[in-house]
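See structure below.
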Amino acid sequence: MNEKQKYLVVLAGPTAVGKTDISIELAKHFKTGIISADSRQFYKELKIGAAPPEQEQLETVKHYFVGFKSISEYYNVSRFEQDVLQLLPGIFEKNNIAILTGGSGLYIDAVCHGIDDMPDHDPELRQQLTERMNSEGIESLRLELKKLDPESYNNVDLKNKNRVFRALEMCLLTGKPYSQFLLKSKKERPFNIIRIALNMDRALLHDRINRRVDLMMEKGLENEARELYKFRSCNALKTVGYKELFEYFDGIHTRDVAIELIKRNTRRYARRQISWFNRNNDYTWFTPGQVSEITGFIQNEISKEKNE
RNA sequence: GGUACCAUAGCUCAGUUGGUAGAGCAACGGACUGAAAAUCCGUGUGUCCCUGGUUCAAUUCCAGGUGGUACCA
């Protein structure tokens, strides 16, 4: 079997653009399954807020990595990369094509070209550092990073506390500079990758986002959030749709304001996604109405490869 | 129909003693290798309602018009 005749079709795009529907049409057309690259649809508790595919859709086409984790479980990009790479050979035994769809650009890229090897964080150390950040401020962490890893100090965004935190955390955990792990190597994959991204007129996208939020509220997002309130410190719940409702429960703002904030933050999230996919020139862009153009494009890419 | 007030950014509004304008929110652009639906950086986007008049110069003053709001008929 020539492995290079296998194809991973990546379907990216901003939230609410219609990736789920298109991915199902593509999966039916190519008689294959769908791998979700959506860092919130992984969690089974986020039934409404993460807008996972409907039950009926899940029954129509085989989906992987939807609702397969609990919010209290730790998961990260690197594990996702490994999980997908382990899964793919099985799919490729029966199909030439697999579909990877979702809005988490970092996760998609990890599957497509890998992510450098680093150890997982140590929960105790993270706790200590978090406390230190809260009491001493970020400047203290910056200065220590400067000592332990001048290269990272010069390269990371020092205003971004997550980045400073992460770099220092790795230095302390491994005893080696964080920058030594950052090889930015592009790993070769034993399959071809066809990247497709969806987008639409911005005003239309905003309209879809706003309506989807209203629909989520009708479906009972508020109740879902109330039940998850006690897990709010979980990373999986640091998410648009939940954090705003938690603030409403805390009395920080009204229900109506919370809904407006969910809409606004979702719009901003969509913009960041577009930004991420835009900087990668490997994507070919379509609108969600162009299903036949997309299937034609995929077919064409495949025959191009075969003739080489 | 009459009187008063208002008309400036997508919205709510400030302001210019006459020298073409700025806040909040919204929006837009970007970065980003284990928290990524997170986190962070950057950007005013404008026929100052229209037409005349006064003036070196009008978004600002004057007149008329149009639209809105309130009150009186």
Side-chain angles (χ1 to χ4, degrees), chain A residues 12-17 19 36-43 46 48-52 71 73-83 102-123 125-127 129-130 133 138 142 152 155-167 169-170 173-174 178-187 202-203 205-206 209-210 212-213 216 221 225 232-246 253 257 260-280:
Chain A
T15 189
V17 79
K19 294 187 295 295
S36 171
D38 188 310
S39 71
R40 289 304 182 265
Q41 290 181 7
F42 297 160
Y43 299 100
L46 312 186
I48 298 172
I71 50 170
E73 285 179 79
Y74 177 71
Y75 198 62
N76 65 37
V77 212
S78 177
R79 292 187 188 183
F80 179 72
E81 176 199 4
Q82 292 159 28
D83 287 346
S104 305
L106 181 66
Y107 284 64
I108 290 173
D109 290 346
V111 172
C112 292
H113 59 243
I115 191 161
D116 294 318
D117 281 332
M118 273 175 235
D120 276 351
H121 74 266
D122 173 57
L125 175 65
R126 176 162 290 191
Q127 180 61 28
L129 274 177
T130 305
M133 171 123 72
I138 190 176
R142 280 195 200 112
S152 286
N155 290 325
V156 307
D157 179 358
L158 295 174
K159 287 179 180 161
N160 189 329
K161 58 182 188 296
N162 281 6
R163 300 276 150 68
V164 175
F165 191 101
R166 168 71 183 161
E169 180 182 58
M170 277 297 114
L173 180 71
T174 64
Y178 172 65
S179 49
Q180 277 190 14
F181 294 98
L182 278 183
L183 307 170
K184 304 205 177 206
S185 53
K186 304 261 180 198
K187 291 177 193 154
R202 189 65 62 92
L205 183 66
H206 285 184
I209 287 171
N210 296 341
R212 193 176 71 176
V213 172
M216 284 178 179
L221 182 61
R232 63 183 305 188
S233 62
C234 293
N235 185 41
L237 286 173
K238 289 177 179 150
T239 298
V240 175
Y242 297 94
K243 56 180 170 47
E244 297 84 357
L245 285 172
F246 294 156
H253 40 237
V257 168
E260 281 313 302
L261 287 174
I262 293 172
K263 290 176 182 174
R264 181 198 71 182
N265 291 339
T266 306
R267 282 181 240 129
R268 290 180 176 175
Y269 170 49
R271 183 144 46 82
R272 276 179 272 130
Q273 291 176 299
I274 293 167
S275 205
W276 181 288
F277 299 127
N278 255 337
R279 87 176 159 160
N280 187 328

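Protein chains get the first letters and strands the later ones, always in sequence-line order, with residue 1 at the start of each.
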Strand partner of [N], provided both Watson-Crick or wobble distances fall under 3.5 Å:
N       : value
rG10(B) : rC25(B)
rG46(B) : none
rC40(B) : rG30(B)
rU17(B) : none
rA57(B) : none
rA4(B)  : rU69(B)

Of the listed nucleotides ([options]), which one gets closest to any side-chain atom of [X]?
X         : options                   : value
Ser78(A)  : rG34(B), rU33(B), rA38(B) : rG34(B)
Lys161(A) : rA35(B), rC25(B), rU39(B) : rU39(B)
Ser275(A) : rU33(B), rA26(B), rG30(B) : rG30(B)
Lys243(A) : rG34(B), rA36(B), rA38(B) : rA38(B)

*Side chains of Arg212(A) and Thr266(A): is there a donor and an acceptor less than 3.5 Å apart?*
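Short answer, no.
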Taking atom [atom2] of [N] as reference, at what distance in whole Å does atom [atom1] of [X] sit?
X         : N       : atom1 : atom2 : result
Tyr74(A)  : rG34(B) : OH    : P     : 9 Å
Arg142(A) : rC40(B) : CZ    : C1'   : 11 Å
Asn162(A) : rA36(B) : CG    : C1'   : 9 Å
Trp276(A) : rG30(B) : CH2   : P     : 14 Å
Asn155(A) : rU33(B) : CG    : C1'   : 13 Å
Arg268(A) : rC40(B) : CZ    : P     : 12 Å
Gln82(A)  : rU33(B) : CD    : C1'   : 14 Å
Leu46(A)  : rA38(B) : CG    : C1'   : 14 Å

What does [X] touch in the nucleic acid at a heavy-atom separation under 4.0 angstrom: a base, only the sugar-phosphate, or nothing?
X         : result
Asp38(A)  : base
Phe80(A)  : nothing
Asp117(A) : base
Ala50(A)  : base
Arg163(A) : base
Tyr107(A) : sugar-phosphate
Lys184(A) : base
Tyr178(A) : sugar-phosphate
Gly49(A)  : base
Thr239(A) : base
His206(A) : sugar-phosphate

Using atom [atom1] of each nucleotide, how far apart are [N] and [M] to the nearest Å?
N       : M       : atom1 : result
rG1(B)  : rA57(B) : C1'   : 40 Å
rC25(B) : rA63(B) : P     : 39 Å
rG53(B) : rU60(B) : C1'   : 15 Å
rC72(B) : rC11(B) : C1'   : 33 Å
rG44(B) : rC13(B) : C1'   : 16 Å
rU12(B) : rU47(B) : P     : 16 Å
rC50(B) : rU66(B) : C1'   : 7 Å
rC49(B) : rA9(B)  : P     : 8 Å

Which pair of heavy atoms, one from [X] and one from [Y], lies closest together, and at what distance?
X         : Y         : result
Tyr269(A) : Gly103(A) : OH-O, 3.8 Å
Pro119(A) : Thr174(A) : CG-CG2, 3.5 Å
Trp276(A) : Asp109(A) : NE1-OD2, 3.1 Å

*Earlier contact from the 5' end, RNA chain B, for Tyr269(A) and Ile115(A)*: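 Its nearest nucleotide being more 5', the pick is Ile115(A).
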*Name the residue closer to the 5' end of RNA chain B, choosing between Arg126(A) and Lys263(A) according to the nucleotide with the nearest heavy atom.*
Lys263(A)
With a 3.5 Å cut-off and heavy atoms only, can you find an N or O donor on one side and an acceptor on the other between the side chain of [X] and the base of [N]?
X         : N       : value
Arg40(A)  : rA38(B) : no
Arg271(A) : rG29(B) : yes
Asn160(A) : rU39(B) : yes

Are any side-chain N or O atoms of [X] and backbone N or O atoms of [Y], one a donor and one an acceptor, separated by less than 3.5 Å?
X         : Y         : result
Tyr242(A) : Gly49(A)  : yes
Asn265(A) : Val240(A) : no
Thr130(A) : Arg126(A) : yes
Arg142(A) : Leu158(A) : yes

Give a yes/no answer on whether the side chain of [X] brings an N or O atom under 4.0 Å of OP1 or OP2 in [N].
X         : N       : result
Arg202(A) : rC28(B) : yes
Lys159(A) : rU39(B) : no
Asn76(A)  : rU33(B) : no
Arg272(A) : rG29(B) : no
His121(A) : rU33(B) : no

_Between Lys187(A) and Glu81(A), does any NZ, NE, NH1 or NH2 come within less than 4.0 Å of an OD or OE carboxylate oxygen?_
yes
*Taking the chi torsion of rG24(B), is it syn (within 90° of 0) or anti (everything else)?*
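Anti, which is what one calls it when the glycosidic angle falls more than 90° from 0.
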*asked:* Within the 4.5 Å heavy-atom criterion, are Asn278(A) and Asn280(A) side-chain neighbours or not?
replied: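 No, their side chains stay 4.5 Å or more apart.
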